[in-house]
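Remarks on the structure that follows.
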Protein chains: 2
Amino acid sequence: MAEELPHRHATLDEVAALAGVSRSVASRVINNAPHVSRAKRESVEKAIRKLGYVPNPKARALATRQAGAAALVISRDDPEVLTDPFFGQLIAGVAGALEEADLHMMLCVAATPRGRERVEQLVRSRAVDGVMLTASHEDDPLARIAKESPLPVVFGGRPVDFEPRWYVDIDNVGGARDATEHLLARGRTRVVTICGPQDTEVARSRHRGYREAMTLAGLTPRPPEVGDFSEAAGAAAMTRLLEAHPDLDGVFAANDNMAAGALRALRGAGRSVPEDVSVVGFDDLAVAQLTDPALTTIHQPIRDLGREMARMLVGVVAGRTAGPLILPTHLVKRSST
Amino acid sequence: MAEELPHRHATLDEVAALAGVSRSVASRVINNAPHVSRAKRESVEKAIRKLGYVPNPKARALATRQAGAAALVISRDDPEVLTDPFFGQLIAGVAGALEEADLHMMLCVAATPRGRERVEQLVRSRAVDGVMLTASHEDDPLARIAKESPLPVVFGGRPVDFEPRWYVDIDNVGGARDATEHLLARGRTRVVTICGPQDTEVARSRHRGYREAMTLAGLTPRPPEVGDFSEAAGAAAMTRLLEAHPDLDGVFAANDNMAAGALRALRGAGRSVPEDVSVVGFDDLAVAQLTDPALTTIHQPIRDLGREMARMLVGVVAGRTAGPLILPTHLVKRSST
DNA sequence: GGTCACAATGGAAGGGCTTCCAGATCCGTT
DNA sequence: AACGGATCTGGAAGCCCTTCCATTGTGACC
């Protein structure tokens with residue numbers, strides 16, 4: 001019974017006709033709905049096979065008002081973001097969870113004005129059942145649209161300027177606290193930090209974690225130096241810190257790139273790591289394994305982040321309630337501490 | 001005239017009613033079609049604004065038989081593939097080109113049987129206007145389905161077992177030839193190669209490029225050693241090559257990972273690079289800049305690959321004809337030659 | 001044997017849009 | 001003033017499915 005793929009699609013009507021039933025019955029068979037006798041069910045199934053019938057998802061979407069798809073929106077001006085392996089892992093997580101729910105994934109890169117407009121259109125036209133919004137920055141117009149839309153929107157990472165109804169985030173505060181406490185546990189007491197840009201929630205949270213750990217240990221947090229998350233900025237910040245605190249013996253950098261820069265600057269200043277100074281990063285990017293010495297850092301479960309975002313969205317779409325979800329991080333001990 | 005986003009969507013009928021025209025006219029205005037008087041056009045536009053009307057893409061798709069979307073299918077058993085920065089760049093290229101054509105991107109990861117089934121469903125149900133198929137391996141069932149489908153399918157990379165109607169590929173032969181000729185140009189004459197698995201077109205082509213360059217220079221290509229594209233395999237292959245050809249002075253490895261392994265094996269054998277032996281890789285992955293010495297390699301324009309795949313698909317969907325496209329590579333000179 | 005509850009069935013009404021087509025309008029020509 | 005032609009216009013027929021509802025059929029139970 002090897003069927004050709006017919007160029008013209010069979011319709012449900014044709015299936016029903018061939019099976020000698022009404023379209024309603026055929027539809028019920030397709031959707032595995034009750035109220036179909038065993039005999040008719042089989043006869044419809046046979047007709048489906050014979051005609052190579054595949055339901056038309058557009059017609060179905062129109063009738064059910066469900067798109068059968070969710071959008072993953074990457075909202076960032078820089079089209080290069082995707083090069084970051086972060087997104088590969090995030091996408092992998094999202095893909096897996098959407099597959100479980102049998103939803104398709106629409107991937108939207110909102111890097112240009114045109115791209116952002118398209119996303120807005122997508123949301124307003126309800127071409128998808130829900131949206132996962134990530135990499136959103138402060139004053140992101142998409143965040144506003146998403147916030148106002150009746151469509152379920154799950155945020156990846158808590159936005160800096162409001163608390164969305166649904167979001168999944170990494171435990172930045174806890175991770176930073178762990179990192180700092182790790183430094184303290186190794187006997188470091190003059191611990192400083194290199195922060196990220198203060199208009200990002202990530203940077204703020206990680207800074208908060210540092211302060212909490214210091215205060216908890218009865219130490220006074222030292223004023224941070226700020227960088228833009230780049231290696232160069234990390235090196236520059238480290239240099240400034242060495243001037244301000246020549247006695248420092250521990251550094252918590254808000255991400256691995258800056259930590260790598262800090263290592264470079266420390267070496268340049270003649271301090272040896274981890275003998276004189278211990279350094280901890282955050283993110284556990286590939287670079288963390290390639291620095292010399294290899295970087296102790298906070299690993300974040302990016303793939304889980306994607307998975308949980310998708311699961312949360314699926315839940316909300318299905319009418320289940322859900323609250324924010326914060327995923328735990330863990331420290332990866334390498335040679336820089 | 002700040003409109004609320006109404007929870008219930010306005011329909012074209014309502015727009016038409018408000019504007020005092022028929023639905024046909026309203027539709028023509030939406031689609032920028034001719035045969036609408038200036039007055040009615042404006043009145044419809046006003047109604048659209050007033051109602052905050054956004055066309056329902058599902059209804060439109062049903063009526064036009066166009067999905068307004070293309071699928072990028074990543075067909076690989078390993079769900080980890082996405083972690084490879086390769087895909088980030090590919091996706092970025094595809095996203096940009098689809099945006100130009102105002103098509104949405106459906107991203108399908110066909111890593112599990114379930115995933116593959118979903119892709120098949122997608123293709124057969126014509127839920128998208130076309131497909132870009134990448135990372136497809138030999139005997140990939142999806143490749144077969146794609147081949148038989150009436151839907152336009154653009155392959156990323158030429159499959160090993162047949163020549164698809166539409167595909168975009170990197171010039172693997174030319175790149176490998178350039179790599180080998182670069183070695184020869186630097187005075188190396190006893191040049192060997194480390195191949196990839198011979199069931200991939202990439203590996204075959206790169207091996208062919210090596211042989212062509214050797215033959216063209218009047219030299220006899222030496223029998224290759226084969227690895228699975230991993231660093232460890234590269235090191236092992238290099239060790240075997242050193243035994244078989246103790247006099248070798250140049251190595252072309254079919255990818256950077258294996259080249260990195262080769263460098264390690266060479267150092268282990270006491271040969272210095274590039275003094276005793278020159279090494280060239282292929283891919284220009286991040287690792288190429290991190291090896292010691294930094295690796296001379298063939299850069300491939302992955303983002304362009306994505307862009308051109310999408311453009312080709314858009315063209316085919318629009319009814320334009322197109323043939324295969326081979327993108328040029330270029331050699332990046334570093335310290336290993 | 002008569003009721004009742006419930007399963008099975010098919011007709012019909014949508015869901016919201018595009019597009020064909022026939023008829024109405026308008027213009028410039030002769 | 002009549003006419004050919006192009007330009008508008010709206011009615012209606014799709015596109016293909018889901019789902020409500022009224023109708024019919026079935027078995028259980030008293």
Side-chain angles (χ1 to χ4, degrees), chain A residues 6-45 47-48 51-69 102 121-122 124-129, chain B residues 6-45 47-48 51-69 102 121-122 124-129:
Chain A
H7 257 246
R8 201 193 147 288
H9 258 36
T11 71
L12 190 54
D13 274 315
E14 291 163 6
V15 170
L18 181 61
V21 302
S22 75
R23 192 177 22 192
S24 322
V25 171
S27 174
R28 278 185 217 115
V29 173
I30 302 282
N31 295 299
N32 244 317
H35 304 306
V36 179
S37 68
R38 188 170 186 73
K40 303 223 163 184
R41 168 156 274 137
E42 279 166 6
S43 125
V44 169
E45 277 162 357
I48 289 174
L51 295 175
Y53 171 74
V54 183
N56 179 327
K58 297 145 190 169
R60 190 176 256 180
L62 182 58
T64 59
R65 294 120 201 255
Q66 302 214 332
D102 204 25
Q121 196 76 358
L122 197 76
R124 301 189 36 156
S125 71
R126 293 200 193 28
V128 289
D129 295 325
Chain B
H7 257 246
R8 201 192 147 288
H9 258 37
T11 71
L12 191 54
D13 274 315
E14 290 164 6
V15 170
L18 182 60
V21 302
S22 77
R23 193 180 25 205
S24 321
V25 171
S27 175
R28 279 187 218 112
V29 173
I30 302 282
N31 295 300
N32 244 318
H35 305 306
V36 179
S37 66
R38 189 171 185 72
K40 301 225 164 182
R41 167 155 273 134
E42 279 167 6
S43 125
V44 170
E45 278 162 356
I48 289 173
L51 294 174
Y53 171 73
V54 183
N56 179 327
K58 298 144 188 168
R60 188 177 257 181
L62 182 59
T64 59
R65 294 124 205 242
Q66 303 214 331
D102 204 25
Q121 196 76 0
L122 197 75
R124 302 187 38 155
S125 70
R126 294 203 195 26
V128 290
D129 296 324

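Each chain gets a letter, A, B and so on, in the order its sequence line appears, and its residues count up from 1.
- The base of C/dG10 sits within donor-acceptor range of the side chain of A/Arg28, with an N or O pair under 3.5 Å.
- Using modelled atom types, no side-chain atom of B/Asp129 and backbone atom of B/Gln66 make a donor-acceptor pair closer than 3.5 Å.
- Judged by distance alone, with hydrogens and angles left aside, the side-chain atoms of B/Ser43 form a donor-acceptor pair with the main-chain N or O of B/Ala19 at under 3.5 Å.
- Checked by atom type and distance alone, the side chain of B/Ser27 never pairs as donor or acceptor with a backbone atom of B/Arg23 at under 3.5 Å.
- In this structure, the CZ atom of B/Arg41 is 9 Å from the P atom of D/dC8, given to the nearest Å.
- Distances shown here put every side-chain N or O of B/Ser37 at or beyond 4.0 Å from the OP1 or OP2 atom of D/dC8.
- Phosphate contact (OP1/OP2 of C/dT18, side-chain N/O of B/Ser27, threshold under 4.0 Å): present.
- Spacing between atom CG of B/Asn31 and atom P of C/dT18 amounts to 4 Å, rounded to whole angstrom units.
- With DNA chain D read from its 5' end, the first of the two nearest nucleotides for B/Arg23 and B/Pro34 is the one closest to B/Pro34.
- For B/Asp13 and C/dG14, the CG to C1' distance is 12 Å, given to the nearest whole Å.
- Paired with B/Leu18 under the rule side-chain contact (heavy atoms from CB on, under 4.5 Å), one option of B/Leu51, B/Ile48, B/Val44 passes, and it is B/Leu51.
- One can place NE2 of A/His35 at 12 Å from C1' of D/dC21, the figure rounded to the nearest angstrom.
- For B/Lys40, a side-chain nitrogen or oxygen approaches OP1 or OP2 of D/dG10 to under 4.0 Å.
- Separating the NE2 atom of B/His9 from the P atom of C/dG16 is a distance of 10 Å, rounded to the nearest angstrom.
- Counting only N and O atoms by type, the side chains of A/Asn56 and B/Arg65 include no donor and acceptor under 3.5 Å apart.
- Distances were taken from every side-chain heavy atom of A/Val21 (C-beta onward) to each of C/dG10, D/dT9, D/dC16; the shortest belongs to C/dG10.
- Proximity of A/Ser24 to the phosphate of C/dG10: no side-chain N or O atom is located under 4.0 Å from OP1 or OP2.
- Comparing D/dT19, D/dC16, C/dG15 by their closest approach to the side chain of A/Thr64 singles out D/dT19.
- Look at CZ on B/Arg38: it is 16 Å from C1' on D/dT7, rounded to the nearest Å.
- The distance between atom CG of A/Leu62 and atom P of D/dG14, rounded to the nearest whole Å, is 17 Å.
- Taking atom CG of A/Leu12 as the reference point, atom P of C/dG15 lies 19 Å away to the nearest angstrom.
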